[in-house]
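Scope of the values below: all heavy atoms of this structure, side chains included, with no hydrogens, waters or symmetry mates. Positions are given from 1, in the same order as the sequence printed here.
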Amino acid sequence: MVELEVQIPTAFDPFADAKDSDAPGAKGYVHIRIQQRNGKKCLTTVQGLKETFSYDKILKDIKKRFCCNGNVVQDKALGKIVQLQGDQRKNVSQFLVQAGIVQKDQIKIHGF
C-alpha cells in the first residue's frame with residue numbers, strides 16, 4: 001500500500017514572528033498588521049508600543065482623526081495591543097511618526 005503524506009492546513013498566525021521575541025516591544029519595533037475578518041471587513045493591530053505611553057490617549061486620537069472604532073486588548077504574551085476597524089496601516093504609521101511616538105525606521109507594516 002502507498003503511504004501518502006498529507007499536510008493539514010493550519011490557521012495563519014499574524015503574531016508568529018512577535019512570539020520569538022522575549023518581551024513586548026523588543027528590538028524597538030512597532031508592528032502594524034492587518035487581519036481579515038469576514039468578507040470585506042478587516043482589523044488593524046498595532047503591537048510593540050512602549051509601556052510608558054498612554055494607550056488610551058493614543059487610541060482616542062487615532063479614532064478621532066481617522067473616524068474608526070477601536071480598543072486596547074491586553075494579551076498575556078504580547079502585552080497591550082491596539083485594535084482598529086478597517087485597513088488603517090498607512091494612516092497609523094503616519095500618525096505615529098508625526099506625533100513623535102516612534103521613528104519611521106522602527107515601524108514594520110505587515111499584511112497583503
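Pairing each heavy atom of K80 with each of E51, the nearest pair is N-OE2, 4.2 Å. Minimum interatomic distance between Q88 and T44 (heavy atoms only, all atoms of both residues): N-OG1, 3.0 Å. Here the shortest heavy-atom pairing between Y55 and V72 reads CB-CG2, 4.0 Å.
Atom SG of C68 and atom CD of Q83 lie 12.0 Å apart (nearest 0.5 Å). Rounding to the nearest 0.5 Å places CZ of R33 at 5.5 Å from CD of Q47. With rounding to the nearest 0.5 angstrom, the CZ atom of R37 is 8.5 Å from the SG atom of C42.
In terms of hydrophobic clustering, with Ile, Leu, Val, Met, Phe, Trp and Tyr side chains grouped at heavy-atom distances under 4.5 Å, V82 and V73 are assigned to different clusters.
Side-chain contact between Q35 and T45 is present, with heavy atoms from C-beta onward closer than 4.5 Å. A heavy-atom distance below 4.5 Å is not found between the side chains of I34 and I109. Using a 4.5 Å heavy-atom threshold, the side chains of I62 and L84 count as touching.
Among residues two or more places apart in sequence or in another chain, the side chain to side chain contact (heavy atoms under 4.5 Å, CB included) test is passed with S54 by D56, K57. Annotation: side chain to side chain contact (heavy atoms under 4.5 Å, CB included) contacts of N69 (sequence neighbours excluded): K63, Q85.
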Tabulate below the donor-acceptor pairs under 3.5 Å that side-chain atoms of residues 92-108 make, not counting sequence neighbours, or state none.
{"from": "S93", "atom 1": "OG", "to": "R89", "atom 2": "O", "distance (Å)": "3.3"}
{"from": "S93", "atom 1": "OG", "to": "K90", "atom 2": "O", "distance (Å)": "2.9"}
{"from": "Q106", "atom 1": "OE1", "to": "Q103", "atom 2": "N", "distance (Å)": "3.0"}

